[in-house]
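Following: one structure in structure tokens, then a few remarks.
This one's a predicted model, so the numbers in the text were calculated from it and none came from an experiment.
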Amino acid sequence: MTHSIAKSIIRLALPIFIGQIALMANGIIDTIMAGRISAVDQAAVGIGMSVYFSVFVPFMGVLLAISPAVAHLYGANNHAAIGEEVRQGLWLTLFLALPMFLLIYFPEPFLRISQLTPEVEAKTRAYLQFSAWGALAQLLFRLFYGFTTAISRPRIVMKLSIFALAIKVPLNFVFMYGYLGFSAMGGVGCAVATMIAVWVTAVVTWYMVWRDADYRRYQIFAQWSRPTFREQTHLLKLGIPIGVIFLVDVTSFTFMALFIARLGATASAAHGIATNLAAFSYMLPMALGIAVSVLIGQALGGKDPRLARRTGKIGFALAAACAVAFAVLIAGSSSWLTQVYTRDLAVRALATQLLLLVAVYHIVDALLAMGINALRGYKVVLVPLLVCAVCLWGLGLWGGWLLGLQGLTASIQIQPLGVPGFWYAAIGGFALASFLVAGYFWYVSGQRIHATE
């Protein structure tokens with residue numbers, strides 16, 4: 001049984017992981033290509049992406065409510081109800097798209113904080129305005145992502161993510177560098193390329209849902225459904241806490257980077273290398289967590305809470321094993337990895353030190369990701385939100401500010417530790433959060449079993 005569950009988790013997680021890597025590659029390619037044009041274009045693309053994802057990720061999180069909702073119905077073999085759930089999800093997508101569009105198209109609050117030079121601000125604003133027109137398409141694809149993963153068909157998401165990347169790269173050349181008779185738009189051109197690529201992918205995606213025989217059983221387009229207060233409330237009660245968890249995670253690192261910027265360019269550059277590798281490493285535990293969330297939801301829909309709990313336990317074991325392996329790899333190759341990123345000796349020295357901390361951080365981050373996703377399979381989202389807010393914003397971010405910039409001068413005499421201080425605090429915050437969330441998973445899963453006996 002254990003081997004079978006582990007195999008199911010890996011089979012579901014692997015294509016999710018590959019699809020996420022394809023999505024991450026978009027940002028990496030944009031940054032590299034913009035850097036070949038000018039530092040201004042590269043800065044505008046980097047700032048524009050930061051603003052875009054700060055807005056997009058919480059909205060995407062709200063839509064992820066569709067995944068546990070559909071997984072429960074799939075486990076109960078209730079195909080007709082899945083179709084209605086997705087139709088309600090389409091309405092929610094439309095409702096979310098407007099505020100997301102406005103926040104991205106009118107980025108004044110973000111630009112005011114950044115205090116950019118006029119040239120960089122102009123390019124960043126243009127980048128965001130073109131990106132805003134792809135907001136609805138991005139959300140439509142994320143709705144499909146949650147729905148399709150919940151019915152255990154992640155390979156299609158993987159293929160579509162690779163398809164989108166394959167469209168975007170040549171479009172980057174056309175609009176950024178001015179091929180095929182188009183004017184060269186520089187870094188702004190990659191936003192135009194992304195907008196086109198996401199709309200093409202969204203249209204292909206939902207046309208496939210309409211025409212494909214395997215999707216037709218859910219009868220998504222077989223009838224018209226108006227948005228209902230009951231269903232929209234259900235999705236929002238589940239989705240808003242998920243979106244806020246993403247917001248807490250994103251903003252904790254955003255403010256961490258802003259605080260570290262006070263320590264100078266070397267500190268910021270080294271921290272950037274560390275966070276980049278931490279984000280890349282996170283893709284695997286996130287994929288494992290999503291797979292476990294889906295399988296737990298399906299087991300609960302099938303009235304098998306013991307299978308749900310066993311799936312969560314095996315998920316934690318897999319996440320821990322993979323995280324330790326990744327941590328050893330990061331720590332063992334830290335010096336080589338920093339050489340790939342930079343030739344600056346001071347940056348390399350600090351980044352090498354930070355990667356040893358990233359290795360430890362990755363383990364607790366992986367366990368927290370698994371715990372949050374496992375509870376999401378039970379449709380339990382409020383407690384993980386409260387835990388993350390206190391631990392990540394409180395112990396992690398505030399603790400980092402104390403250790404990194406202020407030092408402790410009361411009963412404990414500690415001088416400011418600089419960038420490592422922020423990572424020490426982050427490790428502490430994520431470790432406490434992962435312990436509390438794992439404990440709550442054990443409690444919730446046990447309660448579900450007792451409720452059926």
Side-chain angles (χ1 to χ4, degrees), residues 7-30 33 53 56-57 60-61 63-64 66-68 70-71 74 79 82-83 85-86 89-90 93 131 134-174 190 193-221 279-295 297-298 318 322 373:
K7 190 174 180 180
S8 296
I9 293 172
I10 294 170
R11 187 187 302 118
L12 191 57
L14 187 58
I16 295 173
F17 173 67
I18 295 172
Q20 287 299 127
I21 294 299
L23 291 173
M24 276 194 71
N26 281 287
I28 295 171
I29 289 170
D30 285 353
M33 293 182 71
F53 282 106
F56 171 69
V57 167
M60 177 199 73
L63 270 186
L64 284 180
I66 200 71
S67 187
V70 170
Y74 184 79
H79 292 170
I82 290 175
E85 199 75 45
V86 175
L90 285 167
T93 301
S131 298
L136 176 58
Q138 290 273 25
L139 290 177
L140 284 169
F141 182 74
R142 280 293 163 172
L143 175 66
F144 171 81
Y145 177 104
F147 157 52
T148 295
T149 304
I151 60 173
S152 297
R153 297 193 67 188
R155 289 184 179 276
I156 295 177
V157 175
M158 176 189 74
K159 291 176 182 177
L160 286 167
S161 298
I162 295 171
F163 169 72
L165 182 62
I167 295 174
K168 178 174 165 51
V169 172
L171 287 174
N172 267 13
F173 280 98
V174 169
C190 67
T194 299
M195 177 188 66
I196 296 172
V198 296
W199 271 112
V200 170
T201 305
V203 170
V204 169
T205 295
W206 288 98
Y207 177 79
M208 181 186 64
V209 173
W210 178 44
R211 299 292 298 173
D212 187 87
D214 287 333
Y215 284 107
R216 204 174 298 146
R217 74 179 70 175
Y218 304 107
Q219 300 182 329
I220 294 170
F221 299 115
F280 178 82
S281 301
Y282 177 71
M283 292 299 103
L284 182 56
M286 184 184 72
L288 289 169
I290 292 172
V292 167
S293 175
V294 167
L295 293 173
Q298 292 176 356
L318 283 172
C322 292
N373 278 284

Determine the sole option in Leu288, Leu14, Ile290 for which the side-chain contact (heavy atoms from CB on, under 4.5 Å) test with Ile9 is passed.
Leu288
Within the structure provided, determine whether Ile151 and Val70 are in side-chain contact (heavy-atom separation under 4.5 Å).
yes
Compare all side-chain heavy atoms of Trp210 with those of Ile220 and state whether any distance is below 4.5 angstrom.
no
If you look at every heavy atom in Ala197 and Ala164, which pair is closest and at what distance?
CB-O, 4.0 Å
I'd like to know if the side chain of Ser293 and the backbone of Gly289 have a donor-acceptor N/O pair within less than 3.5 Å.
no
Give, for atom CG of Leu90 and atom CZ of Phe147, the distance between the pair rounded to the nearest 0.5 Å.
10.0 Å
Going from OH on Tyr207 to CG on Asp212, what distance comes out if it is rounded to the nearest 0.5 angstrom?
11.0 Å
Exercise: identify the closest heavy-atom pair between Asp214 and Arg153:
CB-NH1, 3.1 Å
Separation between OG1 (Thr201) and CD1 (Ile167), nearest 0.5 Å, reads 4.5 Å
Any chance the side chains of Tyr145 and Ser67 put a donor and an acceptor closer than 3.5 Å?
no
Taking atom CG of Leu284 and atom CD of Gln20, what is their separation to the nearest 0.5 Å?
11.5 Å
Apply side-chain contact (heavy atoms from CB on, under 4.5 Å) to Thr194 and Gln138, showing your working.
CA-CA 10 Å; Thr194 299; Gln138 290 273 25; 4.3 Å; yes
Short question: side chain of Lys168, backbone of Cys190 - any donor-acceptor pair under 3.5 Å?
yes
State, to 0.1 Å, how close Ser281 and Pro285 come at their nearest heavy-atom pair, and which atoms those are.
O-CD, 3.1 Å
side-chain contact (heavy atoms from CB on, under 4.5 Å) test vs Phe141 passes for just one of Leu136, Thr93, Val198, Leu160, namely Leu160
Val169 versus Leu165: any side-chain heavy-atom pair under 4.5 Å?
yes
Write down the atom of Thr149, the atom of Val294, and the distance for their closest heavy-atom approach.
O-CG1, 3.5 Å
Between atom CD1 of Ile16 and atom CE of Met286, what is the distance when rounded to the nearest 0.5 Å?
8.0 Å
Assign the ring pair Phe144 / Tyr215 to parallel, tilted or perpendicular, where the plane angle (0 to 90°) is split at 30° and 60°.
tilted
Please name the pair of heavy atoms, one in Gly89 and one in Ile66, separated by the smallest distance, quoted to 0.1 Å.
CA-CD1, 4.4 Å
Might you point out which heavy atoms bring Met283 and Ile21 nearest each other, and give the distance in Å?
CG-CD1, 4.0 Å
Arg155 atom CZ: more than 12 heavy-atom contacts under 6.0 Å
no
Show the numbers, then the answer: is there a side-chain contact (heavy atoms from CB on, under 4.5 Å) between Ile18 and Ile162?
CA-CA 9 Å; Ile18 295 172; Ile162 295 171; 4.3 Å; yes
Val292 and Asn373: side-chain contact (heavy atoms from CB on, under 4.5 Å), yes or no, with the steps?
CA-CA 7 Å; Val292 167; Asn373 278 284; 5.8 Å; no
Test item: Gln298 side-chain N/O and Ala150 main-chain N/O as donor-acceptor pair under 3.5 Å:
yes
Looking at Phe280, I want to see if its CZ is surrounded by more than 12 non-hydrogen atoms of other residues, nucleotides or ligands under 6.0 Å.
no
Given the rule in the side-chain contact (heavy atoms from CB on, under 4.5 Å) test, do Tyr74 and Ile82 qualify, once you have shown the distances and angles that lead to the verdict?
CA-CA 7 Å; Tyr74 184 79; Ile82 290 175; 4.0 Å; yes
Rounded distance [0.5 Å steps], OG1 in Thr205 versus CG in Leu140:
9.0 Å
